[in-house]
*Asks:* 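Quick one: structure below, then a few questions.
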Amino acid sequence: MEISVSNFIRTIVKEDVALGKYGGKVITRFPPEPNGYLHIGHAKSICLNFGLAAEFKGHCNLRFDDTNPSKEEQEYVDSIIEDVRWIGFDWGDRLYYASDYFEQLHEWAVQLIKMGKAYVCDLNVEEIRQYRGTLTVPGKESPYRNRSVEENLELFERMRKGEFPDGSKTLRAKIDMSSGNINMRDPVMYRIKHEWHHRTKNKWCIYPMYDYAHGQSDSIEGVTHSICTMEYEDHRPLYDWLLDQLSIHHPKQIEFARLNLSRTVLSKRKLLKLVNEGYVEGWNDPRMPTLAGMRRRGYTPEAIRNFCSRIGVAKKESLVDIGLLEYCVREHLNKVALRVMAVLKPLKVIITNYPDGQEEYLDAINNPEDYNAGTRKIPFSKVLYIEKDDFMETPPKQFFRLAPGREVRLRYAYFIKCESVVKDENGEIIEIHCTYDPATKGGDAPANMPDKRKVKATLHWVSAPHAITAEVRLYEHLFIKEDPNDAEEGKDFTDYINPKSLEVLKSCRLEPLLKDAKPGDRFQFERLGYFCVDTIDLTSGSPVFNRAVTLKDEWAKIQKGKKA
RNA sequence: UGGGGAGUCGUCCAACGGCAGGACGGCAGACUCUGGAUCUGCUUAUAGGGGUUCGAAUCCUCUCUCCCCAGCCA
């Protein structure tokens with residue numbers, strides 16, 4: 001099922017292997033910073049890195065880029081490990097942390113100082129910014145740039161020992177203050193932070209910057225192809241410079257365009273804001289594009305992996321239609337989800353000619369896509385529920401469900417015909433009276449009879465006395481705007497949050513076997529969509545269902561087209 | 001306006017000097033005890049101008065448009 005499309009990175013790697021570069025080996029890494037939960041954009045990177053390694057019989061490491069203790073937490077480390085594993089990849093015993101390399105990184109920094117390629121700078125943040133120049137104006141050299149090696153060595157050692165306050169000094173690479181590439185204007189390698197680190201505890205008070213840590217970490221791990229997103233393209237000259245100065249194993253950095261998905265946001269900063277400001281319930285809210293949210297929503301790893309291979313990899317910025325993700329979810333769930341009947345917005349139906357108190361059990365197919373899933377028995381009785389939307393008193397031409405005088409099939413049960421409608425004092429329909437045709441038992445018109453009548457619709461239903469009541473949560477896109485990042489003047493992405501992104505239905509009626517559904521179980525509610533038992537909430541002992549995605553809905557499309 | 005990158009159907013991705021192809025979407029039809037699934041058909045694209053070539057999305061050149069970079073974030 002998982003298709004594989006050629007992409008430029010695979011082409012580069014293939015060429016390198018053919019040329020025998022790096023001994024023909026392919027070693028990649030997935031390097032998240034533990035400062036947030038993983039989202040579908042990370043899944044793209046995970047699939048790329050682990051996929052490449054698998055394809056070329058190499059391996060992919062999981063490495064936490066934990067060089068900034070101010071933002072990073074163990075909770076995020078744990079969630080990331082869980083999510084990468086859930087997506088379906090294995091890093092063996094190669095779980096690494098940039099913080100594991102702090103000692104080596106420090107030694108290399110000392111080496112660069114000795115080579116006259118790095119210096120301790122006393123400029124503060126503001127001064128560094130001023131000396132850096134602008135996009136069009138070259139920078140000026142720091143007055144501390146030409147300190148002696150001895151002085152730099154001594155100062156850097158004292159930085160490490162904690163003799164200076166935060167922000168008072170930095171270690172900088174001595175490159176070129178007039179470079180058109182701002183990253184080369186004597187970038188900071190180390191900053192002072194007297195902070196507790198989730199792994200190294202209080203051992204360090206100086207921490208390496210991303211640019212100084214990343215390439216060397218790749219090098220230590222023997223990474224051959226260091227794949228990252230486009231915004232690091234400007235950093236590649238620095239990545240290369242450091243590795244060249246140090247004369248150590250030099251991986252090839254390759255950049256690709258990060259994923260953008262319509263009707264959602266994929267930046268950790270924005271996701272964090274949604275969480276912190278209560279727009280959603282947490283990182284694992286089923287509306288979130290996080291892997292934790294999608295898992296809770298009922299999306300499968302297979303669907304996500306398949307999505308990642310379908311979107312491809314390129315350098316062009318793009319906005320992928322979220323409909324494609326949903327297609328992938330349906331595609332997989334269609335094959336594996338058990339079908340059941342559930343009525344979300346119940347409308348009572350009385351079968352007037354069905355004997356009082358009688359019940360019978362009818363055969364239903366568990367999954368027409370999978371014969372091995374077998375069949376089950378479902379109860380039928382005089383009082384039923386059908387979906388409110390499946391009845392109209394005065395139906396338009398294209399509506400071919402139940403209406404007064406009209407006959408439809410109840411799935412796996414009988415043909416029923418609507419004889420009358422009962423309304424309350426407000427004119428609201430409270431129940432409908434129907435008759436059934438005993439000769440259509442099982443749902444088929446009697447083939448051997450002269451009567452070969454057909455019905456235009458088949459409805460799902462549940463038997464009222466047998467049904468269980470449960471809460472069902474319907475989710476829609478989190479944002480109403482295609483690209484919430486593209487905010488108008490004076491607005492921000494939160495202004496485009498979909499007010500109907502969550503609808504909670506508390507009195508849904510489900511067929512009885514669903515009372516035993518376990519957290520995480522996924523079903524197709526026939527004619528409605530795919531639903532997953534929530535893993536967190538439980539309402540008085542009965543499961544809560546999250547809608548993963550609707551089924552394709554021709555009738556909804558017709559209605560929508562009419563409105564427009 | 002310094003540096004870097006990108007422009008191919010509505011969307012995403014292929015094609016790397018030799019008939020522009022796939023997927024999703026859309027439209028139409030077949031089938032159907034899910035208006036589901038499945039099947040069939042159709043639809044639409046190389047940013048623009050010059051050039052090289054028998055032949056250009058692909059090579060050269062000029063132009064236009066979009067994105068990223070001025071954290072002691074990653």
*Asks:* For RNA chain B, what is the dot-bracket line, given that a base pair needs Watson-Crick (N1 to N3, plus N6-O4 or O6-N4) or G-U wobble (N1-O2 and O6-N3) geometry with both distances under 3.5 Å, and | means paired with another strand?
*Replies:* .((((((..((((....[..)))).(((((.......)))))....(((((..]....))))))))))).....
*Asks:* Identify, with sequence neighbours excluded, every residue that meets side chain to side chain contact (heavy atoms under 4.5 Å, CB included) alongside A/Val77.
*Replies:* A/Pro34, A/Phe64, A/Gln74, A/Ile81, A/Tyr97, A/His198
*Asks:* Applying salt bridge (charged side-chain N to carboxylate O under 4.0 Å, His left out), which residue pairs with at least one partner in residues 169-184 of chain A are found, sequence neighbours left out?
*Replies:* A/Asp122-A/Lys169
*Asks:* Does a nitrogen or oxygen in the side chain of A/Lys557 sit under 4.0 Å from OP1 or OP2 of B/rG25?
*Replies:*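 Result: no.
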*Asks:* For nucleotides 10-21 of chain B, just jot down a letter per nucleotide in 5' to 3' order: B, S or -, based on protein non-hydrogen atoms under 4.0 Å.
*Replies:* -SSSSS------
*Asks:* Check A/Lys335 with A/Glu302, please: is the shortest side-chain N to carboxylate O separation under 4.0 Å?
*Replies:* no
*Asks:* Do we see a donor-acceptor contact under 3.5 Å between the side chains of A/Glu255 and A/Gln253?
*Replies:*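 A pair is found: one side chain offers a donor N or O, the other an acceptor, under 3.5 Å apart.
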*Asks:* Applying side chain to side chain donor-acceptor pair (under 3.5 Å), can you list everything that pairs with A/Glu33, at least two apart in sequence or on another chain?
*Replies:* A/Asn35
*Asks:* Strictly below 4.0 Å: does A/Arg401 bring a side-chain N or O up to OP1 or OP2 of B/rG35?
*Replies:* no
*Asks:* Do the side chains of A/Leu123 and A/Ile128 get nearer than 4.5 Å, heavy atoms only?
*Replies:*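 Side-chain contact under 4.5 Å: yes.
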*Asks:* Within the 4.0 Å limit for protein heavy atoms, which parts of nucleotides 69-74 of chain B are touched? Write it as a string from 5' to 3', B for base, S for sugar-phosphate only, - for none.
*Replies:* BBSBBB
*Asks:* Pick the nucleotide of RNA chain B nearest each of A/Glu369 and A/Arg339; which residue has the one closer to the 5' end?
*Replies:*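 This one resolves to A/Arg339.
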*Asks:* Under a 3.5 Å cutoff, is there a donor and acceptor pairing between the side chains of A/Ser45 and A/Asn49?
*Replies:*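 A donor-acceptor contact under 3.5 Å links the two side chains.
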*Asks:* Quick one: do the A/Tyr530 and A/Glu326 side chains pair a donor with an acceptor below 3.5 Å?
*Replies:* no
*Asks:* Got a donor-acceptor pair under 3.5 Å from the side chain of A/Arg330 to the base of B/rG36?
*Replies:* no
